[in-house]
Amino acid sequence: MSKSLGKILQRLRKEQGMSQKELSQGLCSVTTLSRFESGDREPDQILFEALVSRLGKDSTKWELILSENDKKLLEKRSYIEYLTRIGQWDEVEKELQEYEHFNGLSKTLHEQYQLYIKALLYGQNKYYEEAINACMIALDKTKIKIGKEKLLIEGELLSKYELRIVCFIGEILLEAGREDLEKLYHYWLSIMKYVELRCSDEQYRLRFYSKVYYYLAYISYQRQEYKKSVLYSKKALEELIRRRRTYYLKQFIILINKIEKVYDISGILEIASMEVLNIVFKTLEEWEEINKNIEHKERYVRFYNGTYSINEIIKNMRKYCGKTQEGFMESPNGSVVSNQSALSKIENGKRSPRLTTKRTYLEALGLEGKEESYQLSIQGEDFEVQELQWEIDFYISTHEMGKAEELLWKLKEKIDLDNVYNQQYVRKVELFIRDAEETIPYEEYQKEIFSILELTIKDIDKIKENTDGQGFFTTVEIILLMNLGCAYHSGKEYEKALEYYQRVERYFSEFYPFSNANIYKTLLYDISQVYGLLGRYEESLEKCKICIFIEMFHEQALVHAAALYNIGWCYGKMMIMEQESSKKKEYYKKNCLKFFEQSCSIARFYKYKVVEQAIKEKRKLWEL
């Protein structure tokens, strides 16, 4: 953990009036936490996630540089989570057995995670008592207690997995029918109060907020309190729309359909028509089936903001700098960095360097001082600064540039604009906002991107010649590199755009295969568009499918409607071009209409006016 990230953790803890003992209880020793906060020691990812989420924040917003072992362990956990979501329980059991062979630093937390997954397996097989016992033992690992008689959580600080376990207990008790509904309703109310009080990060809170409101709505329905059930559903759905998420969306639609059969919901829900909701439901159902058939799924099941192995960074950066292992063993000042045997083991993932050795390696590779910028796009110890940056990025992704610009003014007042990384972030955002307001000639746009990149990249000529991915770039740098392709894209130089996009894609797929899922998804969507414009429709469809897969894995709906529109557009173009076979032409037309309908329903639900208008224009143009 960099010193800046440690300071943010410390400041956040103090702002919440929490002692080191309270935060670390059951997770690690006070001494260990103190060393994290000072930047003298690094937590593994699972411990970092537990500490940050106990503070009510979302750990996935930070990119982390881990040991190779921790990266592989996180890959395994992510894949297990994917399997649980699609209900492949036999595969979950196999993966869990493999997971148990990993040696992680935070043994207690690994045991807690294994017990939680076992509880899910027990629950799936309707072994309710065993599931509850596994949950209770899991919570006891980190000294969390739930009153069995009152079924309340009082005075506890809960990490993400502790909170997931607490929720799962409520799910199992409801499914088993062993507690009366009044008692369970108050149990879920107690969880709601915790989420609203403790989970201050919007993105983190919404994940649990949706689940809690669903169960409050469902229990209210069971108690025949239909209006209350609809109001709970409405409140949750409004948040899902605002934040472009799909958490529990299918379950809410099923519940609303049930309520509508026995109660008049007109004038209460007022979010979307039942017709739109049902098409959204069918769309999600269909794409869950399509996702199962995507090849090499494990490549695309990755962390939201990405994690990197220090081992792979050292190997890739050494090659990028044009150094042999022998040439790398001495630093520029003549001191010995490493011996070749140790370096070879590190690059092969068989050994991870100690903290001091790691920093020496990064210095020798020209990355000295940049580590903090890999974890934090904005430099500053005020947590509000980090939250402002995340909100700006969210509004840019939803094309709400007015809101992004308003927050950017607030951010600029709070940060040191002499810091080159802060300058780079601000200039990037200003460029994106200006480009949305007026069409910038692509040559000027590209020139400005190189100018912004030069703030932090010394060998910019190498980037101009070849943006291939052996180097290691901050989040802001990789977004800017991706937008070099966007410049050619907007200038209708599609072959050149594709060349740039593919170079950046290799960074994600070949060099850092567990890197930033959020950016990778956007890149795949951009590539799908260019493939379509080049008439390479099958390749365009494939990239769209992977884009939707990643988005659904993270339960997002940021580009879902646009990607579905692109699929419909490809089928429409194939329909127009088909001159020989009437059967094929009809097949393409049918699929064009189908995916336009899916896209339109998602767009209406999430208020994507631009996508709706594009579909309307294409239907008129193609006489559909």
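Sequential numbering from 1 along the given sequence is applied to the chain's residues.
Taking 4.0 Å as the cut-off between side-chain N and carboxylate O, Glu586 and Lys590 do not count as a salt-bridged pair. A salt bridge does not link Arg245 to Glu202: none of the charged nitrogens lies less than 4.0 Å from a carboxylate oxygen. A salt bridge does not link Lys543 to Glu539: none of the charged side-chain nitrogens sits closer than 4.0 Å to a carboxylate oxygen. Between Glu171 and Lys211 there is a salt bridge, since at least one side-chain N of the basic residue sits less than 4.0 Å from a carboxylate O of the acidic one. Note on Glu98 versus Lys94: no salt bridge recorded, every NZ/NE/NH1/NH2 to OD/OE distance being 4.0 Å or above. The existence of a salt bridge linking Glu597 and Lys282 is excluded, since no basic side-chain nitrogen approaches an acidic carboxylate oxygen closer than 4.0 Å. In this structure, Glu239 pairs ionically with Arg242, as a charged nitrogen and a carboxylate oxygen lie closer than 4.0 Å.
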Run the numbers on Arg207 and Glu555 for salt bridge (charged side-chain N to carboxylate O under 4.0 Å, His left out), then give the verdict. CA-CA 9 Å; Arg207 180 178 293 275; Glu555 298 178 271; 3.4 Å; yes

Quick one: do Val92 and Gln124 satisfy side-chain contact (heavy atoms from CB on, under 4.5 Å)? Show the steps, please. CA-CA 11 Å; Val92 170; Gln124 179 63 26; over 6 Å; no

Please test Met274 against Ile265 for side-chain contact (heavy atoms from CB on, under 4.5 Å), starting from the C-alpha separation and ending with a verdict. CA-CA 10 Å; Met274 289 308 303; Ile265 66 172; 4.1 Å; yes

Between Asp58 and Lys160, is a side-chain contact (heavy atoms from CB on, under 4.5 Å) present by the stated rule, with each step listed? CA-CA 9 Å; Asp58 186 0; Lys160 182 171 86 172; 6.0 Å; no

Evaluate Ile165 against Lys141 for side-chain contact (heavy atoms from CB on, under 4.5 Å), listing each step before the verdict. CA-CA 12 Å; Ile165 293 165; Lys141 290 284 181 182; over 6 Å; no

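Within a 6.0 Å radius of NZ in Lys589, no more than 12 heavy atoms belonging to other residues, nucleotides or ligands are found. Within 6.0 Å of atom NZ in Lys227, 12 or fewer heavy atoms from other residues, nucleotides or ligands are found, so the atom counts as exposed in its surroundings. Taking a 6.0 Å sphere around OH of Tyr587, one finds it holds 12 or fewer heavy atoms contributed by other residues, nucleotides or ligands.
Counting only distance, with no hydrogens or angles, the side chain of Asp44 and the backbone of Ser106 share a donor-acceptor pair below 3.5 Å. Under the 3.5 Å distance criterion, the side-chain polar atoms of Ser528 are left unmatched by any main-chain donor or acceptor of Ser540. Between the side chain of Lys76 and the backbone N or O of Tyr99, no donor-acceptor pair lies under 3.5 Å. Under the 3.5 Å distance criterion, the side-chain polar atoms of Lys573 are left unmatched by any main-chain donor or acceptor of Gly535. When atom types are taken as modelled, the side chain of Arg205 and the backbone of Cys199 share a donor-acceptor pair closer than 3.5 angstrom. Of the possible polar contacts, none joining the Ser229 side chain to the Tyr226 backbone as a donor-acceptor pair under 3.5 Å is found. With hydrogens and angles ignored, the 3.5 Å screen pairs no side-chain donor or acceptor of Glu288 with any backbone N or O of Ile86. Looking at Gln112, its side chain does come within 3.5 Å of a backbone N or O of Ala138 through a donor-acceptor pair. With hydrogens and angles disregarded, no donor-acceptor distance shorter than 3.5 Å links the side chain of Glu91 to the backbone of Gln88. Listed for the Asn566 side chain is no donor-acceptor partner under 3.5 Å among the backbone atoms of Ala562.
Side-chain N/O atoms of Glu400 and Thr398 include a donor and acceptor closer than 3.5 Å. For the residue pair Tyr128/Glu175, the side-chain donor-acceptor check at 3.5 Å is satisfied. Neither side chain, Gln97 nor Glu93, offers a donor N or O lying under 3.5 Å from an acceptor on the other. Residues Tyr525 and Gln529 have side chains that bring a donor and an acceptor to within less than 3.5 angstrom of each other. Judged purely by distance below 3.5 Å, without hydrogens or angles, the side chains of His560 and Tyr606 never pair a donor atom with an acceptor atom. Of the N and O atoms on the side chains of Gln203 and Trp390, not one donor lies less than 3.5 Å from an acceptor on the other residue.
Between Trp287 and Lys545, the closest side-chain pair of non-hydrogen atoms falls below 4.5 Å. In this structure the side chain of Leu277 reaches within 4.5 angstrom of the side chain of Leu269, judged on heavy atoms. Between Gln598 and Ile602, the closest side-chain pair of non-hydrogen atoms is not below 4.5 Å. Side chains of Glu95 and Ile117 form no contact here, defined as non-hydrogen atoms less than 4.5 Å apart. Leu139 has its side chain out of reach of Leu115: every pair of non-hydrogen atoms, C-beta onward, lies at least 4.5 Å apart. Residues Val504 and Ile519 have side chains not in contact (no heavy-atom distance under 4.5 Å, counting atoms from C-beta outward). Contact of the Leu96 side chain with the Leu121 side chain is registered, since non-hydrogen atoms from C-beta on lie closer than 4.5 Å. Here the side chains of Tyr113 and Leu109 are not in contact, with every heavy-atom distance at 4.5 Å or above.
Closest of all the heavy-atom pairs between Gln556 and Thr246 is O-CG2, 3.8 Å. Minimum interatomic distance between Tyr247 and Leu206 (heavy atoms only, all atoms of both residues): CD1-O, 3.7 Å. Between Phe514 and Ser78 the shortest heavy-atom distance is CZ-OG, 3.7 Å. The two residues Ala561 and Val611 have their closest heavy-atom pair at O-CG1, 4.0 Å. Nearest heavy-atom pair, Ser515 versus Phe508, reported as atom, atom and distance to 0.1 Å: OG-CD2, 3.1 Å. Ala217 and Tyr232 make their closest contact through CB-CB, 3.7 Å (heavy atoms, listed as atom of the first residue, atom of the second, distance).
The aromatic rings of Tyr304 and His554 stand perpendicular to each other, their planes meeting at an angle above 60°, with 30° marking the opposite boundary. By the 30° and 60° cut-offs, the orientation of the rings of Tyr248 relative to Tyr215 is perpendicular. Classification of the Tyr221-Tyr218 ring pair by plane angle, with boundaries at 30° and 60°, yields tilted. The aromatic rings of His489 and Tyr501 stand perpendicular to each other, their planes meeting at an angle above 60°, with 30° marking the opposite boundary. Ring geometry, Tyr209 versus Tyr213: the interplanar angle falls under 30°, so the pair is classed parallel (tilted spans 30 to 60°). In this pair, Tyr161 and Tyr116 present their aromatic rings perpendicular. The plane angle is above 60°, beyond the 30 to 60° band. By the 30° and 60° cut-offs, the orientation of the rings of Tyr512 relative to Tyr308 is perpendicular.
Here the CG atom belonging to Leu231 is positioned 11.5 Å from the CD atom belonging to Glu225, to the nearest 0.5 angstrom. His296 NE2 to Ile294 CD1: the interatomic distance, rounded to the nearest 0.5 Å, is 11.5 Å.
Judged by the 6.0 Å and 45° rule, Arg85 forms no cation-pi pair with Tyr82. Cation-pi contact between Arg223 and Tyr185: present, with separation from the ring centre below 6.0 Å and deviation from the ring axis of at most 45°. Cation-pi geometry between Arg244 and Tyr608 is satisfied (NZ or CZ under 6.0 Å from the ring centre, within 45° of the ring normal).
Under the 6.0 Å cut-off for aromatic ring centres, Tyr500 and Tyr488 qualify, their centroids lying closer than that. A centroid separation of 6.0 Å or more is found between the aromatic rings of Phe208 and Tyr194.
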